[in-house]
Structures are given as C-alpha cells and as structure tokens.
Amino acid sequence: MKKPYNHNVIEEKWTKEWEEHPVNVDDGKKPKYYCLDMFPYPSGNGLHVGHWRGYVISDVWSRYKLMNGHYVIHPMGWDAFGLPAENYAIKTGKQPAESTAENVANIKKQIKQIAAIYDWDMELNTTDPKFFKWTQWIFEKLYEKGLAYEKEMPINWCPSCKTGLANEEVVDGKCERCGADVTKKDLKQWMLKITAYADRLLDDLDKLDWPEKVKKMQTEWIGRSYGAEVDFPVDGRNEKITVYTTRPDTLYGATFMVLAPEHELAASLATDETRKAVDDYITYAANKSNVDRLQNKEKTGVFTGSYAINPMNNEKIPIWLSDYVLADYGTGAIMCVPAHDDRDFEFAKEFDIPITQVIAKDGKEIENMTEAYTEASGTMINSGEWNGMESAVLKKEAPHMVEKKGIGHAKKNFKIRDWVFSRQRYWGEPIPIIHCPKCGEVLVPEEELPLKLPEVEHYEPTGTGESPLAAIDSWVNCKCPKCGGDAKRETNTMPQWAGSSWYFLRYVDVNNDKELVSKEKADKYLPVDMYIGGVEHAVLHLLYSRFWTKFLYDIGVIGFDEPFHKLFNQGMITGKNGIKMSKSKGNVVSPDDLVRDYGCDSLRMYELFVGPPELDSEWDDRGIDGVYRFLSKFWNLVQENKDKGVAETPELVKIRHQLVDTISSRLEAFSLNTVVSGFMEFNNKLSKLDGVDKATLETYATLLAPFAPHIAAEVWEELGHDTSIFDEKWPVADKSKAADDTREIGVQVNGKVRGTVEIAVDADKDTALAAAKEAVADKIEGKSIVKEIYVPGKIINIVVK
RNA sequence: GCAGGAGUGGCGGAAUUGGCAGACGCGCAGGCUUCAGGUGCCUGUGACCGCAAGGCCGUGUGGGUUCAAGUCCCAUCUCCUGCACCA
C-alpha cells in the first residue's frame, strides 16, 4: 500500500515513541562521547532559525556518534543569570525569577521541536540554588587559594547597564552588551587572578583541536612578551624609574623617557617652571574618556623638567609625560628609542627630541630619517661595547647583560589583566563574603551555601556603584561567622560568566548535593569532546571556562585541565543582505511556522543546506521547498519500491557503496551542506532506475537518520523492521565495490575540452589515447602531435601544432 | 595601520586539492496534468555569435608558471572578521 508523505503524522508519531523510548541510552559498556551546545540564555524573544542551526549541527553530530556505537552525552540547560535576563524583567515589570522561568518554558518548547536527542534528565539552570551553590563554592575555593581578592581601582563602567565590566566585555571602548560608551569609575571590586594562569592558558592552546582563529584571538588577548626591566636613575635625586622594554638591544638609542600621567612619580617630577603644565596635563589625561583615547592617536605630552640617566651611556635624557603610555601595563613608564619605534619616533618629531640610530639599516646609518626602523635585524652602531653585534642576537642576550651590569633583569609581561568579577546588579549569584569590622573579609561557611538572593520588590540598578542589594537591610545585616558580631554581607553579585565557566561539568551529575561533580562521573564522562557554538565567545566564555577548569584541576576536583577538546564555531544566520536578525530590524525568522508547514525534518535539512556550517548565511525561506520536495521524493521512492522485491544488481550495489562513501566522508569533513546535496543527487540517480532493492533503501534510510530522524525511522518501519533505526550501525563503504569500472573523461586538444571518452578507469595509455584520438579526430586531423598527456581517470590532453 | 578570511551564473553555493567550472537547490522559461490558480511531473537554463552543427569568452582586476589554473606564484582592488598606542 502506498502512502503519501505526511510529515505531521510521521513526526508526531515518532516524537511520542522517542519520549517513551529514548534512542540514546547508557548501557555502561559503550564508550562515551560528549557533544555539547553552548547553552542559551532564555531570552524573551524566543529562538530564531539562526539558533536552530547550531542545535541541528550538534544533533546531527551526536546521532552520528550514537550510530557509531557511542553513548552520547548531549545535554541542554539555561544560562539564566545576568544582564539580559534582568533587563528583560525590568522591561516587562516582572520579577527576574518569574520572567526567567517563563522564558525557559517557552524556549524549551521551541527547542523540543528540533527533535534533538537531548537528555532532559540532565537539564540545568544557573539560577537554580542547587546549581549556584557550587558556583559560590568555586568562588570560595578561589578565595582560599588567594585567587579572588578585593581591590579599589578605576574600572570599566557602563553607564547604561549601570555596572562595572571586565576588560573582555569592552569592545572598541563600548559595552559588549548594550553598545554604550564605557567610562571609568573608581570602585572597590572583586577580582579573579586569571593572570596567575596566563602562561598555562597560552601554552595549553597547543593541545586543543580548535579553530586557529579562536586560538589566535586568545593568544593575542593573553599577549605574552619577553623583554627586560631596566632601571633609569633620576638625575639629581635618589630615585630610579623602572621601565619595561622588549627591545633592550636598543638601550643606547633611548633619548628620552615617557611616564603615564597616572604614574606615581608623575607629579613629583615637575619643577617650579613646569608644575602648572604638568598638573594641567595630568588633569587633562584623567578626564579623557576611553573612546577619545582610542580614536585620537595624535601624540600629546608635557616635559616634566626632570631628567633620567641612561644607565648604558650615562647620558641625561628628558622625562616626559604622555597618555600614549599605559599606566597598567609593564611599569607605566617606558624608555623611548625614536629611531626604532614608531610611536617614539612620532613623539620625538612632535616635540623635537634628538633621535639616535643604534641599528644599521642595510649596513649604514640613515640620513634624514622619515620613519622608525623597527626591525631587529642589522649591526649595532652608536652602542658602546655592543657595537658590531647583530641586533637579533643582542635582543635575546641583552636582558642577561643588563642583569649582569646590575641595572635590570629579564622580564616577561602579559596584556591580560585580572578578571573584574563583581557586578552592581541584582540578578546574579551573591558573592559569599561577609565583611566584619573585627575579622575583615570572612567567607560564608560552606554549609550555609547556597547563599540565595533576597526576594525583593525593587531590584533596579542604582547607578551609584552600589548593588541594589545594598538597600536591603534585612539581607545585608548579618552576624560574622567567625566572631558572631554584627557584620555586613557583600552586596555585589557575580557576572553572567560565572555559571557558564563550569556548567559543562555539572550536566553529568546534576543532582549531586555533596559535590560539584563526583570524581567517578567526571572521570567517566568528561571532558567535552565536541563543543559547538558561535564565535562571539572566543575570549570571554571560552577563556574563563578554561581558567576555572584549570583551577578545579589544580585543587583535585577533576582530572583534566582543558574543558573542550574540539571546538566548532557555526556561522551566523542573517536576514537579507547579511543584516543580523533582530527584533528591532524586524527581520527575525521564527522556526515555528516552518516546522508546522514543512516539518522538523525539512527544516533540519534546510538549516544545513543553506551553506557551509562554519560560514554566515543569509536566510531565504523559499529554499526550504527544495528540501521538502526532496524528502517527498525519497518517501515516494520507498513507497514505490518497498513491496516490489527488486533484486540486487551489481549496479545497485555499486551505487549503495558510493552513497555510503559520499555521505560518510562529507560528514566526517563536517561539510554538512554537501551531505544534503549528496542525498539529493543519489535520490535523483535511484529514481531513474527501474527499481531499487531493499538493502539500498535501508542503507539510504540509515544514512539519512541523523539528519531527518522521523522520516528515516518511519521508512525503516515501512521496510519491515520493528527495531530502532538508531540501533543500526553506521554503514561502512567498501571502496572496491564503490569503484567505477569505466569513467567518462574529458579529451582536451591544446588544453581545451573537445570531447569525452568512456574508458576503463585503469586503461593503459595506448588504449586511452587511441580512443581519445577517435573522439577528437576532426580537431587533430592534419596536425602534428607534439605531446600527449594521459592522467588515468581524469584527463587526456593532446597537444598539436 | 597589523593579522586572518572571502570574492565563482539572476540567487544560495559545488568542484575528491593542478585535470571536463557551475554539482545540488532556489528562481526563471516552455510543456503535460487542471475549468482555473496552486500542487505535482517532464524539458531547458553562465554570457555572446549562430536556424543549426558549432564557435568564442568566462571564477574581482592585471601579469606569470604549466600540456592543463577557480585552485600555484607576483602585483592590485573590494568586502568581512579580529586586534589596534601593550613599548
């Protein structure tokens, strides 16, 4: 009996079946494979087709691993603390807890439409006290190890979000979240000492199977450099200024020195004549915003009136102040070698400071220098005892030489700064610290965790630099766990990145109330084998979670120090003309209608078919028709052939093996768009035959199962099976059976295709050329053959004159 | 400015890494089915010339290597992404 393709009936049936009988179960014997999606924050806007794509990709991969004999850990959860969730609650006038719960319910419904093999028993939510108890616990461990500390300092402040931000959250001087210009604000902040892990975070990138792009971004963010710190005595004073340089080889060329206006000695270096100018400049720099500083790179500065002594040649060099020197990198002071540094050159030109070349370019001194010579290659000149050395060699040796001279030492520096970890907002994990007038900072005792948020009427940000929690007296006032006296709670909360820095560890042991994760389960199921998500977290979430994983490894909680073995960044789905989908642009495409009209299977395949998974793609609704037609045609092909009893022929066997080979190799290469076109191609091919045997239909359905699970399962049943198609082993192609005996190859004359011949793949040269010459006889007639090229299975080229 | 990626029909995109450019799909055109629209099915579809056979051009642009170049080399333009005074 032939049935039409009715996706609604089929998909409903299998949804129910799989709810009752999940296809992915742990029998304790299969090897594990952990395939993880970056968990979403439950936005009030729901999912659009772009979110869908990442989840489809990970599900296809999970099901493929499942059919390769793995038990696949494929969980889903909710990153529900943080600014977006809180802002949404404020906008809708609800309590964050309430609106978050609603949004989770909504998105969960949408995610279920994808029909992924998520194990909902593992579901977690970062705002669940059972979860964030352990987020707080990790903070306490960091504190105990001296990796969490409080510091008063000017931090990045978003006036729109009314909270402090980490460096990683500032993009081009603007808030990563809302785009407002970031300002500076002096605040007492909790910091995490990620810098203590800088070397390991950098070096261990080598171990990871990640996109080079992401590794490079992290490398640059961590920004390790090697050089030396060198002491420059201040002339006429019993003080010295230490500078950091990566080019100690150019020490003899240092003709001036520049301090950041914030440098502790800046004001004191002024003389009576320069005092006013110096003070004015310090004030001017302090008032300059981040954005000004980024956009306007023209050099400004002021001479302090004081001089330093170049410790190499004992020359007096002027000390200047300029905001092109950063206060919080290195020592906040630099030696300036205008001949060999672009910025110093520009500054020297601006303020008419002498320039001394110390590395010969092309063997000589440059006359009328118009730009700095920044390469470390050439012979040293004007450099006392270093004259004649190669700069590249000296660059490496100089740190030890200055050390011997007692004027400095080798030093390595990083661009990465410690992680500003506190936020002045309500909707985050409370930082479990109590401030006691007698005992100082005291941790909330572990048995009192989780420290929950108070339920309050008003939770809007204050903008004063204080968390809204500070206004809740009943919550703030408490007893010191150490001395029992009156004390106050810390009122800042953790940033949105806290929960996501370790959530992947928790999925495999979500209900454990004794430990963050049991050692046994961690060893058995972790770490993550494949992590799939957008590239926007390259230096935020992905750096923070590596840091926390390394820390948890160090304190013995887990036995591995990198969380994500392989990373895949899927491209973004955009609206027309590459415009990012957003509610305000009105170009959001919801998957709901598409699922209703075309079915889950069609949308799954279309999500893959739109383009290469790693690239951005413009969404075009119309294309889904093509995929739907394909699934209908495949369905009809099965209906026509299932009861026909078509016998296996050599040709069918060959096509079958070619199909397996094509789909498997493209899938392994993660070329999912061409997997879909491969299915179409073979469907067209099979449709043109007189009939298709059952084994080929079965193989086809099995290969299709990870992509379009419902139709594959239904076809499997139609073909007479009462077992699950997901219990089938992924087919393996026998390449010898897939090989064509003959192939049509092009025949070129002078490099241009003039005909084709059908010849045996392994035909010898004489046979091939004979056939080729016949095919293009009219093109070579009367001409002399200069050269004959035959590449078996590929091409024949006859060069004539 | 520096680093990385990309530029292929009307559109999304293929091309086993030097071997028949344009697979697959969308769209479009013609035909069949239909009272009609839609669906479905069949055929065609890079540009130009030609009734046709066929010819000729063609992967951002200009050069080069090679029997053969979307693919390799040199130069150049455009777009995207990241970094951007880190001494």
Side-chain angles (χ1 to χ4, degrees), chain A residues 4 171-173 211-214 216-217 219-221 223-225 227 243-248 250 254 258 293-299 322-326 328-337 340-344 346-347 374 413-417 535-536 538-539 578 605-606 609-612 614-627 629-630 632-633 636 661-662 665-666 669 671 673-684 743-757 778 786-800:
Chain A
V171 180
D172 289 335
E212 285 307 315
K213 183 185 170 169
V214 176
K216 203 165 154 276
M217 282 168 74
T219 302
E220 282 172 5
W221 188 261
R224 183 166 60 195
S225 69
V243 302
Y244 172 69
T245 178
T246 55
R247 295 294 304 277
T250 64
V258 176
R293 209 164 159 155
L294 277 171
Q295 279 169 356
N296 185 6
K297 287 187 189 167
E298 271 163 41
K299 299 282 179 292
S322 175
D323 65 357
Y324 86 89
V325 174
L326 305 176
D328 59 351
Y329 179 77
T331 61
I334 61 170
M335 67 171 204
C336 297
V337 185
H340 303 287
D341 182 278
D342 290 326
R343 300 147 299 184
D344 298 347
E346 199 190 321
F347 194 85
T374 55
N413 250 321
F414 296 95
K415 288 190 196 174
I416 192 172
R417 312 289 145 87
V535 76
E536 65 273 15
V539 287
M605 294 200 84
Y606 185 54
F609 193 53
V610 280
E614 70 280 8
L615 298 184
D616 293 352
S617 296
E618 280 179 31
W619 187 262
D620 183 353
D621 265 350
R622 288 180 301 188
I624 196 175
D625 284 312
V627 173
R629 277 175 208 144
F630 151 67
S632 307
K633 284 186 211 160
N636 292 336
D661 186 39
T662 301
S665 57
R666 291 180 183 183
S671 179
N673 52 328
T674 61
V675 168
V676 178
S677 66
F679 276 122
M680 291 170 168
E681 230 175 308
F682 276 91
N683 195 59
N684 294 343
R743 189 173 293 173
E744 194 184 69
I745 69 171
V747 180
Q748 298 179 332
V749 178
N750 290 344
K752 291 194 174 160
V753 179
R754 293 294 135 140
T756 56
V757 283
D778 55 323
V786 180
K787 200 167 183 179
E788 290 163 335
I789 288 122
Y790 168 54
V791 184
K794 305 234 166 153
I795 203 84
I796 295 165
N797 191 6
I798 300 167
V799 184
V800 297

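In the text below, chain A, chain B and the rest are named by the order of the sequence lines, each starting its count at 1.
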Cationic tip of A:K299 above A:F347 ring, under 6.0 Å, 45° of axis: no
Separation of the C1' atoms in B:U8 and B:U61, to the nearest angstrom: 15 Å
Short side-chain N/O contact to B:G25 OP1/OP2 from A:N684, under 4.0 Å: yes
Nucleotide opposite B:C85 in a Watson-Crick or G-U pair, distances under 3.5 Å: none
A:Q748, A:K787, A:E788 screened by side chain to side chain contact (heavy atoms under 4.5 Å, CB included) with A:V799, the one that passes: A:K787
Side chain of A:V799 (C-beta onward), nearest among B:C20, B:G12, B:C67: B:C67
Sugar-phosphate only, base, or nothing, as touched by A:K415 at under 4.0 Å among non-hydrogen atoms: base
Touch class at under 4.0 angstrom, heavy-atom based, for A:N797 against every strand present: base
Distance between P atoms of B:A36 and B:G44 (Å, rounded): 26 Å
Atom of A:V258, atom of A:C336 and distance for their closest heavy-atom approach: CG2-SG, 3.6 Å
Ion pair A:R417/A:D328, N-O distance below 4.0 Å: yes
Base-pairing assignment for B:C41 (Watson-Crick or G-U wobble, both under 3.5 Å): B:G31
G-U wobble or Watson-Crick pairing nucleotide for B:G4 (cut-off 3.5 Å, both distances): B:C80
Nearest-Å distance once atom C1' is located in both B:U45 and B:U33: 23 Å
Integer angstrom distance from the P of B:C80 to that of B:C72: 24 Å
Under 3.5 Å donor-acceptor pair, A:K299 side-chain atoms to B:C85 base atoms: yes
Partner nucleotide of B:C72 by Watson-Crick or wobble geometry (both distances under 3.5 Å): B:G64
Watson-Crick or G-U wobble partner of B:C11, both distances under 3.5 Å: B:G25
Nearest-angstrom distance, C1' atom, B:U76 to B:A68: 26 Å
Separation between the P atoms of B:G54 and B:U65, rounded to whole Å: 33 Å
Base paired to B:G18 (Watson-Crick or G-U; both N/O distances under 3.5 angstrom): none
Closest to the A:I334 side chain, choosing from B:A21, B:C56, B:A87: B:A87
Distance test, side-chain N/O of A:R666 to OP1/OP2 of B:U16, below 4.0 Å: no
Minimum-distance nucleotide (side-chain atoms of A:R629 versus B:C67, B:G40, B:A87): B:G40
Short side-chain N/O contact from A:R622 to OP1 or OP2 of B:G25, under 4.0 Å: no
For atom NZ of A:K213 and atom P of B:G4, their distance in whole Å: 13 Å
Full working for side chain to side chain donor-acceptor pair (under 3.5 Å) between A:Y606 and A:D621: CA-CA 9 Å; A:Y606 185 54; A:D621 265 350; over 6 Å; no
A:N673 side chain near B:C24 phosphate (N/O to OP1/OP2, under 4.0 Å): no
B:C24 versus B:C74 - spacing of their C1' atoms, nearest Å: 36 Å
Separation between the P atoms of B:G64 and B:C51, rounded to whole Å: 36 Å
side-chain N/O A:T674 vs B:G13 OP1/OP2, d < 4.0 Å: no
Short side-chain N/O contact from A:Y329 to OP1 or OP2 of B:A87, under 4.0 Å: yes
Touch class at under 4.0 angstrom, heavy-atom based, for A:V791 against every strand present: base
side-chain N/O A:K752 vs B:C57 OP1/OP2, d < 4.0 Å: yes
